[in-house]
Amino acid sequence: MHKILANTIFLGKDLVNLTECHSTNSFAASMIKSGQFSEGTVIVAEVQTKGRGQRNNSWHAAPGLNLTFSIIFKPNYLHVDQQFDLNMAMAFGVLEVLQNIHPKIQIKWPNDFLDVNGNKLGGMLIENTISGNLFDTSIVGIGINVNQMEFPVENAISLAGITGKTFDLEWLLEQLLVSIEKQYLLLKNGSHQSIKDSYMDHLFRMGVWASYDDGEPFIGKILGVGPYGHLSIMKQNGKIQSYDFKQIKFI
Ligand code: BTN
């Protein structure tokens, strides 16, 4: 059970604690559909039976050992072509807390969190609704592997696995919400460039030659991210190409 948060301005003041649900993102979507929600509502689940990840993957987290939660925002000041700015603000908000725990944690485009060996310790699933040219609602679903030590998949790790320490989930949730709220308010106040700079400064493989697959394996160097979040990569022949999430794999 998570307590009412004292250190945020609006985030998590409405806190829905669920012992079990299919997916906190799906729960948030049904709250939005019913109209019964306020901006900053946080839904936390001890167990998700149908946790969802990116690329239609599922998200598995051992009960009671990890953080699985979703936040409902109403970023109706954001234009649709600024959608990735929200992504960057959220990713950097999470990263700041993770880096305080271990400085070598990085963001993998678009919104995974990796340790120094490339193992994944968390990810985000952001689901938006649009009204005209503006955002209406955004559900920011976050899964962080915290105290779990064994995983059914390869290349997964937790904060406990990286540091050898056990973390208090309530404490960590509060740290995350405080940091996410700070970035969200910066975004709302128009600090788009500084958010982008923070994100880019912590991006895994930024400016480094590495292996990718866009249908064919190739060596490329990440140059940056465009407004819709497309990843810009230079190939060894000097050609620069932009990719959306489904078009490229890191290998
Ligand atoms: C990914 O890396 O593929 C994204 C994982 C996102 C998982 C979180 S857990 C809380 C929220 N509810 C879900 O069903 N998914 C997100």
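All heavy atoms count here, side chains included; hydrogens, waters and symmetry mates do not. Both ligands and their constituent atoms are indexed starting at 1 by order of listing.
For residues 130-147, the side-chain hydrogen bond (donor to acceptor under 3.5 Å, both in side chains) pairs, not counting sequence neighbours, are Lys74-Asp136, Asn128-Ser138, Thr129-Thr137. For residues 202-221, the pairs satisfying ring-ring contact (aromatic ring centres under 6.0 Å, His included) are Phe92-His202, Tyr212-Phe218, Tyr212-Phe250, with sequence neighbours left out.
Look at Lys235 and Asp214 and you find a salt bridge, because one of the NZ, NE, NH1 or NH2 atoms lies within 4.0 Å of a carboxylate O, short of that distance.
For the pair Gln48 (side chain) and Trp59 (backbone), a donor-acceptor distance under 3.5 Å is absent.
Other residues, nucleotides and ligands place more than 12 heavy atoms under 6.0 Å from the CD atom of Glu20.
Listed by chain and residue number, nothing satisfies the side chain to side chain contact (heavy atoms under 4.5 Å, CB included) test with Asn100 (two or more places apart in sequence, or in another chain).
Within 4.0 Å of ligand 1, contacts by protein heavy atoms are made from Ser23, Thr24, Asn25, Gln48, Gly51, Arg52, Gly53, Gln54, Trp59, Thr68, Phe69, Ser70, Asp112, Lys120, Gly123, Met124, Leu125, Gly141, Ile142, Gly143.
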